[in-house]
Protein chains: 2
Amino acid sequence: MGRSRQFSRIPANEILQGDCIELMNALPEKSVDLVFADPPYNLQLQGDLTRPDQSKVNGVTDAWDQFASFETYDRFTREWLAAARRILKDTGAIWVIGSYHNIFRVGASLQDAGFWVMNDIVWRKTNPMPNFRGTRFTNAHETLIWATKSADQKKYTFNYDAMKALNEDLQMRSDWVLPICTGAERLKDETGDKAHPTQKPESLLHRVLLATTNPGDIVLDPFFGTGTTGAVAKKLGRNFIGLEREDKYIKAAKARIKAVQSSKAEDLKVTQSKRQEPRVPFGMLVERGLLEPGTVLYDPRRSVAAKVRADGSLVCKDATGSIHKIGAHVQGLEACNGWTFWHFKTDGKLKPIDLLRQKVRAEMGTA
Amino acid sequence: MGRSRQFSRIPANEILQGDCIELMNALPEKSVDLVFADPPYNLQLQGDLTRPDQSKVNGVTDAWDQFASFETYDRFTREWLAAARRILKDTGAIWVIGSYHNIFRVGASLQDAGFWVMNDIVWRKTNPMPNFRGTRFTNAHETLIWATKSADQKKYTFNYDAMKALNEDLQMRSDWVLPICTGAERLKDETGDKAHPTQKPESLLHRVLLATTNPGDIVLDPFFGTGTTGAVAKKLGRNFIGLEREDKYIKAAKARIKAVQSSKAEDLKVTQSKRQEPRVPFGMLVERGLLEPGTVLYDPRRSVAAKVRADGSLVCKDATGSIHKIGAHVQGLEACNGWTFWHFKTDGKLKPIDLLRQKVRAEMGTA
DNA sequence: TCCTGTACTGAATCAAGAC
DNA sequence: TGTCTTGATTCAGTACAGG
């Protein structure tokens with residue numbers, strides 16, 4: 001794309017093909033509310049890795065993850081960060097995800113560029129790949145950095161109460177426990193292999209977008225890949241702009257995002273974990289797509305109803321709050337276990353929402 | 001301290017007063033097994049912070065945590081890292097702990113200095129300070145970086161099996177859940193205030209030292225503070241060198257460490273890796289009469305068989321070689337651990353030949 | 001329908017020692 | 001120094017076949 005081309009309007013909910021730095025430079029300045037970036041990690045792998053059973057691990061070998069040196073990587077980082085900074089509104093913010101291979105360099109470059117770090121967030125994976133050789137600690141997490149445009153800018157979006165509601169009325173912490181992207185959510189190519197080597201789970205983006213954007217905001221992802229950011233943005237009523245170089249990813253992302261509208265209910269089968277049960281906030285059911293925002297919940301006799309919001313809070317006709325608080329409220333009680341009180345409709349029948357919690361627990365293990 | 005002063009011997013289990021860079025430069029090169037560093041975090045606090053009940057939070061306001069700019073902090077970081085690198089043995093390693101204020105800069109400087117990151121470790125606090133103003137996520141973790149002296153150096157200490165044992169026979173992950181330092185462990189000064197604003201829990205150092213040092217190793221802490229590293233090192237039978245500028249911290253650390261009782265050597269034995277057990281060639285089993293030449297070995301399903309020869313080689317129907325080579329051959333694999341693949345018959349049952357190796361090792365140990 | 005066993009997989013800077 | 005041999009090493013989860 002020529003340097004002279006400029007977008008005359010914001011290309012909302014589109015995927016633009018090309019180099020992300022050139023594309024960002026062609027967008028109007030101060031036009032975007034949030035940048036979410038999952039840049040190349042600059043892995044430096046040597047040779048093949050086999051599991052103890054001699055099967056081969058299918059690692060990241062793509063050309064886009066290859067950099068000649070730290071210096072080259074730093075230059076690339078500084079350039080795309082500068083471009084992102086220009087298009088961000090003064091009240092905007094940026095998220096970047098990475099691992100120990102690159103996150104220190106990205107974080108330092110962020111600070112050098114004038115961004116102001118609000119939090120570093122640890123994504124603790126419930127099901128990471130083990131260390132097969134027994135030579136290190138299992139690499140069980142990735143790091144996200146959330147930063148605003150500058151220290152001076154005191155206005156920024158942080159939906160504190162939504163995050164608190166998502167975590168059952170406790171402040172959301174800087175460590176998030178979420179499974180990696182597998183199963184039906186993981187996109188496959190024509191041959192049945194994974195379409196993208198590093199697809200992120202939608203639950204992660206759900207939390208990021210819910211925390212730091214409002215409906216109608218514009219979210220730009222300069223490393224769009226197969227479009228997790230776009231899919232979640234659409235689901236949550238945010239606008240996205242996706243930048244991506246590769247045809248095959250764009251194709252997959254387009255098909256994926258188009259299908260988001262018809263969000264069909266997931267298979268709700270329940271597997272009970274035998275292990276000790278980890279705490280599952282109600283908001284996680286929404287985050288993980290087991291309950292859509294807007295779903296109506298009922299008491300066992302169907303005499304009262306309440307609606308689920310995107311942050312896991314409930315709304316009844318005269319109050320808003322957690323499943324427990326609203327359950328107590330509608331009964332005129334001091335307290336109530338919302339997990340057994342509230343039911344959702346499936347196949348015309350009412351089932352307690354606790355069933356869904358059990359499903360999540362089974363998927364999470366003890367973590 | 002003058003630049004000319006050099007230590008003629010390793011000042012083991014001492015606290016040296018002065019600037020950590022000058023002191024490290026006065027130590028002999030390649031003399032230390034591990035550096036554990038808890039450098040100033042370069043916090044950038046503005047004004048006082050009060051709790052919701054209007055009580056004042058007693059934060060870090062000490063002069064040693066003040067730096068004029070990122071550039072100043074980076075220069076300081078590069079200098080102490082270079083000094084630490086010089087005194088580290090080639091097989092040595094370094095740990096650094098920090099928060100989002102400084103850890104990205106420290107991590108990038110580590111990589112630039114040639115250190116090779118093995119893991120970043122997340123210390124997940126069970127009881128973090130909440131975010132009183134509701135403006136961010138609760139900052140509930142700190143980050144540690146574990147790095148070896150270089151990527152080429154393949155020899156380093158990692159007590160994999162001890163870590164696995166510590167985690168109920170599952171690989172130790174990169175996220176550690178530990179409470180912050182409170183209660184009796186937290187040192188107080190004469191007035192009853194906390195003696196040091198950022199005292200780390202001993203449990204954290206316990207895990208670090210157990211994982212990456214052996215009894216008798218020398219552990220240097222350039223930012224010794226009130227001596228958590230020294231206290232745990234003494235307890236675990238490691239030698240420490242503490243560098244610290246401030247009188248009051250040195251005084252507190254000395255009293256603290258004096259009160260620590262070392263564990264008995266026998267209690268400090270940890271689960272050993274099989275790699276460190278004496279090597280027993282398969283032929284030794286034949287040599288020592290545990291297997292007669294001509295004995296037939298089977299895979300676990302008895303679908304293939306091979307015969308033992310007097311020199312410890314195996315013969316199957318179309319090949320001859322070591323237990324590993326023939327094990328791989330009959331399975332059509334690249335590699336195979338013959339010790340667990342091949343089984344011998346005893347009392348009509350199949351048992352892995354590894355049992356016989358263990359028997360030999362036990363006999364060798366008592367010999 | 002439910003349970004069991006087998007096969008497969010995920011951002012991974014993944015070996016060490018003898019000769 | 002490189003080459004070759006030895007032999008150490010995995011967790012949570014999904015998918016599917018078979019009983």
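All of these numbers come straight from a predicted model, not from anything done at the bench. So you know, we letter chains A, B, ... as the sequences are listed, proteins then strands, and number each from 1.
- If you check every strand for non-hydrogen atoms under 4.0 Å, Asn131(A) touches a base.
- Side chains of Ser322(B) and His324(B): a donor-acceptor N/O pair is absent below 3.5 angstrom, by distance only.
- Using a 4.0 Å cut-off between charged side-chain N and carboxylate O, Lys200(A) and Asp38(A) make a salt bridge.
- Checking dT6(D), dC14(C), dA12(C) against every side-chain atom of Leu45(A), the shortest atom distance belongs to dA12(C).
- Atoms CG (Asn102(A)) and P (dA12(C)) sit 13 Å apart, rounded to a whole Å.
- Nucleotides dT9(C) and dT10(D) have their C1' atoms positioned 12 Å apart, rounded to a whole Å.
- With the nearest nucleotide of DNA chain D identified for both Gly183(A) and Pro128(A), Pro128(A) has the one nearer the 5' end.
- Listed pair Lys164(B) / dT10(D) meets the phosphate criterion, a side-chain N or O lying under 4.0 Å from OP1 or OP2.
- For dG10(C), one of the phosphate oxygens OP1 or OP2 lies less than 4.0 angstrom from a side-chain nitrogen or oxygen of Lys194(A).
- Between Asp90(B) and Lys30(B) there is a salt bridge, with a side-chain nitrogen of the basic residue lying less than 4.0 Å from a carboxylate oxygen of the acidic one.
- Across all strands, Asp65(A) comes closer than 4.0 Å to base atoms (heavy-atom distances).
- Using a 4.0 Å cut-off between charged side-chain N and carboxylate O, Asp354(A) and Arg357(A) make a salt bridge.
- Rounded to a whole Å, the CH2 atom of Trp146(B) is 12 Å from the P atom of dC14(C).
- Contact annotation for Pro281(B): no contact, since no heavy-atom pair falls under 4.0 Å across all strands.
- Each of Thr182(A) and Pro52(A) was matched to the nucleotide of DNA chain D holding its nearest heavy atom; the match closer to the 5' end belongs to Pro52(A).
- Of the charged side-chain nitrogens involved, at least one lies within less than 4.0 Å of a carboxylate oxygen, so that Arg256(A) and Glu202(A) count as a salt-bridged pair.
- Distance, Asp53(A) CG to dC8(C) P: 8 Å, rounded to whole Å.
- A salt bridge links Arg105(A) with Asp112(B): the distance from a Lys NZ or Arg NE/NH1/NH2 to an Asp or Glu carboxylate oxygen falls below 4.0 Å.
- In this structure, the CG atom of Asn58(A) is 10 Å from the P atom of dA12(C), given to the nearest Å.
- Trp176(B) does not carry Arg124(B) over the face of its six-membered ring by the limits of under 6.0 Å from the centre and within 45° of the normal.
- Lys349(A) and Asp347(A) are not joined by a salt bridge, as no carboxylate oxygen comes within less than 4.0 angstrom of a charged side-chain nitrogen.
- Using a 4.0 Å heavy-atom distance criterion, Asp38(A) is classed as a base contact.
- Here Asp175(B) pairs with Arg173(B) in a salt bridge; the nearest charged N to carboxylate O distance falls below 4.0 Å.
- Atom CZ of Arg279(B) and atom P of dT5(D) are 13 Å apart (whole Å).
- Out of dA12(C), dT10(D), dA8(D), the shortest distance to the side chain of Trp339(B) is found at dA8(D).
- Which of dA8(D), dG10(C), dA11(C) sits closest to the side chain of Arg357(B) comes down to dA8(D).
- Ion pairing between Lys89(B) and Asp33(B) holds under the 4.0 Å rule for side-chain N and carboxylate O.
- For the C1' atom pair drawn from dG7(D) and dA11(C), the interatomic distance equals 28 Å after rounding to whole Å.
- One atom, NZ of Lys188(A), and another, C1' of dG10(C), lie 11 Å apart when rounded to the nearest Å.
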Extract from the structure each pairing of a protein N or O with an N or O of nucleotides 15-19 of chain C at less than 3.5 Å, listing the distance.
residue : atom : partner   : partner atom : Å
dA16(C) : OP2  : Lys154(B) : O            : 3.3

Review point. Checking side-chain contact (heavy atoms from CB on, under 4.5 Å) for the pair Val330(B)/Phe341(B): CA distance, chi angles, key distance, verdict?
Key: CA-CA 11 Å; Val330(B) 298; Phe341(B) 179 72; 3.8 Å; yes
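- Heavy atoms of Gly338(B) sit nowhere under 4.0 angstrom from any nucleic acid atom.
- Nucleotides dA8(D) and dA12(C) have their P atoms positioned 25 Å apart, rounded to a whole Å.
- Side-chain N/O atoms of Arg186(A) include none lying less than 4.0 angstrom from OP1 or OP2 on dA15(D).
- Applying the 3.5 Å distance criterion, the base of dG10(C) shares a donor-acceptor pair with the side chain of Arg51(A).
- At a threshold of 4.0 angstrom between heavy atoms, the contacts of Pro39(A) include nucleobase atoms, whether or not backbone atoms are also involved.
- In this structure, Met118(B) atom CE and dC14(C) atom P are separated by 9 Å, rounded to whole Å.
- Across dA12(C), dA11(C), dG13(D), the shortest atom-to-atom separation from the side chain of Met129(A) is found for dA12(C).
- At a threshold of 4.0 angstrom between heavy atoms, the contacts of Ser99(A) with the nucleic acid are absent.
- Each of Ser55(A) and Pro130(A) lies near DNA chain C, and the nucleotide nearest Ser55(A) is the one positioned closer to the 5' end.
- The side chain of Phe132(A) sits closest to dC14(C) out of dA11(C), dA12(C), dC14(C).
- The nearest whole Å value for the distance from the CD1 atom in Ile180(A) to the P atom in dT10(D) is 18 Å.
- In terms of the ring pair (Phe, Tyr, Trp, His ring centres under 6.0 Å) criterion, residue partners of Phe67(A) (sequence neighbours excluded) are, by chain and number, Tyr73(A), Phe76(A).
- With pairs defined as Watson-Crick or G-U wobble and both atom distances under 3.5 Å, the stems of at least three pairs that touch DNA chain D come out as C:2-10 with D:11-19, C:15-19 with D:2-6.
- Put simply, His324(B) has no side-chain N or O that comes within less than 4.0 Å of OP1 or OP2 on dT6(D).
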